[in-house]
Q: 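One structure, pasted below without further comment.
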Amino acid sequence: MPTQVSEEVREALHEGRPVVALESTIIAHGLPRPRNLAVARELEGLVRDGGAVPATIAVLDGVARIGLDGAALTRIAEDPSVRKLGHRDLAPALAVGASGATTVSATAWLADSAGIRVFATGGLGGVHREWTETQDESADLRLLAEVGITVVCAGVKSILDVPATLQRLETLGVTVVGYGTETFPGFYLSSSGERVDWTVRTPQGVARVMRARDELGGPCSALVVGNPVPTEQQLDPALHDRVLAAGLAAAREKGITGQAVTPFLLEYLTVHTEGASLEANLAAVRGNVWLAARIAAAYHGQLDALPDERGNRQRHGQRQGQGHGKGQGEGQAQRQGHGLGHGRGHGQP
């Protein structure tokens with residue numbers, strides 16, 4: 001496969017230093033210009049601040065690029081002809097020399113193929129509402145059942161069927177943990193209201209789960225780390241519910257179906273929340289990128305060598321209580337519900 005790994009990323013992987021993969025769809029198709037380029041640079045800076053090397057992934061002129069230089073990043077942000085590529089699109093794109101921004105599925109596949117262990121994104125795709133009628137499900141889910149990468153996200157997009165998505169991930173054997181939360185994040189919202197089975201409270205705790213998976217071997221699948229957007233930066237829940245209901249009704253009225261539903265609803269939310277949904281999305285992405293860098297550093301045993309993260313965590317909008325502390329319950333994956341955990345039920349807060 002025509003793949004080009006940047007010198008910085010290649011050296012970091014060879015030397016066993018932490019690397020974090022970043023998708024490029026949010027740059028090319030998720031943000032308005034010129035803000036998209038500024039955000040792309042900001043996210044790479046957050047990875048570096050967190051102690052890792054950023055590897056933004058895209059396809060340019062038929063070559064899968066893992067780690068972009070300034071010119072390539074600018075092109076992804078500014079070229080309107082850049083396509084949106086899922087993992088199923090990679091082979092045709094490479095064959096015909098196309099250029100495209102990679103979605104969650106394409107980014108996870110290329111990153112995993114390169115040996116990158118951690119990937120940060122905003123929200124995952126999932127099972128669409130009214131699945132029984134449309135059979136519409138994101139390709140993200142099946143791909144995550146086939147790669148061993150750790151994906152830090154703010155849950156699945158709240159316009160989707162979250163309970164059905166979690167059930168599908170369970171069926172596919174994809175491990176899901178909450179980061180400092182006992183409920184699965186709701187993308188724009190801090191909580192979807194759906195319980196998670198496991199909670200991990202520090203980057204070191206996630207790294208221990210990753211190492212345990214390495215030692216177990218067995219079937220390959222992703223580790224999904226659900227990292228909630230801070231409550232003070234989430235979209236107002238009442239506004240979210242009201243606008244989403246109106247957007248779903250508008251989609252039905254206009255006859256919008258299939259792959260067109262998600263971009264329509266995301267745009268509808270942005271417009272009818274007067275940009276508040278976009279800001280919540282960006283807050284979530286920033287938090288996920290920062291956490292992913294800390295997890296990658298912890299996995300490679302370099303977290304303790306970095307500056308104290310508490311000030312940085314405040315600066316990047318992260319919640320308190322997720323740093324180096326070793327208070328009761330921190331850093332432990334705790335079984336929640338099902339009568340396990342020696343009577344702790346839902347785990348310790």
Side-chain angles (χ1 to χ4, degrees), residues 20-21 23 104 108 117-127 138 140-141 143-145 147 149-210 213 221-231 233-235 237 240 280-296 298 313 316-319 321-322 329-337 346-349:
V20 173
E23 62 159 292
V104 168
R117 298 302 310 273
V118 182
F119 164 34
T121 186
L124 303 178
V127 176
S138 170
D140 293 354
L141 303 185
L143 192 280
L144 292 177
V147 295
I149 201 164
T150 294
V151 184
V152 182
C153 64
V156 300
K157 295 178 177 67
S158 55
I159 62 176
L160 304 173
D161 188 330
V162 178
T165 300
L166 288 171
Q167 182 61 55
R168 184 67 173 138
L169 287 170
E170 179 181 341
T171 299
L172 291 169
V174 176
T175 301
V176 177
V177 302
Y179 187 80
T181 179
E182 297 175 5
T183 59
F184 195 59
F187 189 50
Y188 297 124
L189 307 176
S190 297
S191 173
S192 68
E194 298 295 321
R195 305 288 291 186
V196 292
D197 289 333
W198 299 95
T199 295
V200 182
R201 302 192 181 279
T202 63
Q204 296 93 329
V206 179
R208 283 194 287 273
V209 176
M210 293 170 64
R213 284 160 49 89
S221 64
L223 169 63
V224 172
V225 179
N227 181 39
V229 62
T231 303
Q233 294 179 299
Q234 71 174 340
L235 181 62
H240 169 273
N281 182 6
L282 287 173
V285 172
R286 291 183 182 105
N288 296 339
V289 168
W290 170 253
L291 177 59
R294 305 304 281 178
I295 290 170
R313 190 168 59 251
H316 301 314
Q318 293 299 291
R319 297 167 307 285
Q322 296 175 354
E330 289 193 347
Q332 298 178 6
Q334 299 164 336
R335 185 65 169 145
Q336 300 176 8
H346 298 304
Q348 301 174 2

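Note: hydrogens, waters and symmetry copies are ignored here, and every other heavy atom, side chains too, is used.
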Q: Quick one: does I159's side chain get under 4.5 Å of F187's, heavy atoms only?
A: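 The answer is no; the side chains never approach within 4.5 Å.
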
Q: Determine whether V156 and F184 make a side-chain contact, defined as any pair of heavy atoms from C-beta on separated by less than 4.5 Å.
A: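 Yes. Closest side-chain heavy atoms under 4.5 Å.
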
Q: Might you work through the side chain to side chain contact (heavy atoms under 4.5 Å, CB included) test for L169 and L141, ending with a clear yes or no?
A: CA-CA 7 Å; L169 287 170; L141 303 185; 3.7 Å; yes

Q: Just by distance, do the side chain of S190 and the backbone of V229 share a donor-acceptor pair under 3.5 Å?
A: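 Yes; judged by distance alone, with no hydrogens or angles, the pair exists.
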
Q: Side chains of V289 and R286: does their closest heavy-atom pair fall under 4.5 Å?
A: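 Counting from C-beta outward, V289 and R286 never come under 4.5 Å.
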
Q: If you compare all heavy atoms of L291 against all heavy atoms of N227, which two are closest, and at what distance to 0.1 Å?
A: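 Minimum heavy-atom contact is CD2-CG, 3.6 Å.
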
Q: Where is the tightest heavy-atom contact between D161 and T165, given as atom of each residue plus distance?
A: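 Heavy atoms only, the tightest pair is O-OG1, 2.8 Å.
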
Q: Where is the tightest heavy-atom contact between A108 and L144, given as atom of each residue plus distance?
A: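 Smallest heavy-atom distance, with atoms named: CB-CD2, 4.4 Å.
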
Q: Just verifying a value: how many Å separate D140 CG and T121 OG1, rounded to the nearest 0.5 Å?
A: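 D140 atom CG to T121 atom OG1 measures 8.0 Å (nearest 0.5 Å).
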
Q: Side-chain contact, heavy-atom cut-off 4.5 Å: V174 with V224?
A: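 Heavy-atom side-chain distance check passes, below 4.5 Å.
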
Q: For T199 and T181, indicate whether the former's side chain and the latter's backbone hold a donor-acceptor pair under 3.5 Å.
A: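 Confirmed, T199 side chain pairs with T181 backbone.
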
Q: So which heavy atom on Y188 is nearest to which on H240, and how close?
A: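 Between these two residues, the closest heavy atoms are CD1-CD2, 3.9 Å.
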
Q: Is the shortest side-chain heavy-atom distance between P203 and Y179 below 4.5 Å?
A: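 Heavy-atom side-chain distance check passes, below 4.5 Å.
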
Q: So, for G122 and E23, which heavy atoms are closest and what is the spacing to 0.1 Å?
A: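 Here G122 and E23 meet closest at N-OE2, 4.4 Å.
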
Q: Is the backbone of A120 close enough, under 3.5 Å, to the side chain of N288 for a donor and an acceptor to pair up by distance?
A: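 It does not hold such a pair.
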
Q: Less than 4.5 Å apart, any side-chain heavy atom of R213 and any of S221?
A: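 Side chain of R213 against side chain of S221, heavy atoms only: contact under 4.5 Å found.
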
Q: Nearest 0.5 angstrom please: T183 OG1 to E194 CD, how far?
A: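 It comes to 9.0 Å.
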
Q: Show the nearest heavy-atom pair for residues L235 and L189, with the distance to one decimal.
A: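 Heavy atoms of L235 and L189 come nearest at O-CD2, 3.1 Å.
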
Q: Report yes if the side chains of V225 and T150 come closer than 4.5 Å at any heavy-atom pair, otherwise no.
A: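 Yes - at least one pair of side-chain heavy atoms lies under 4.5 Å apart.
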
Q: Quick one: pull up CG in N281 and CD in Q234 and give me the separation to the nearest 0.5 Å.
A: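 If I round to the nearest 0.5 Å, the distance is 14.0 Å.
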
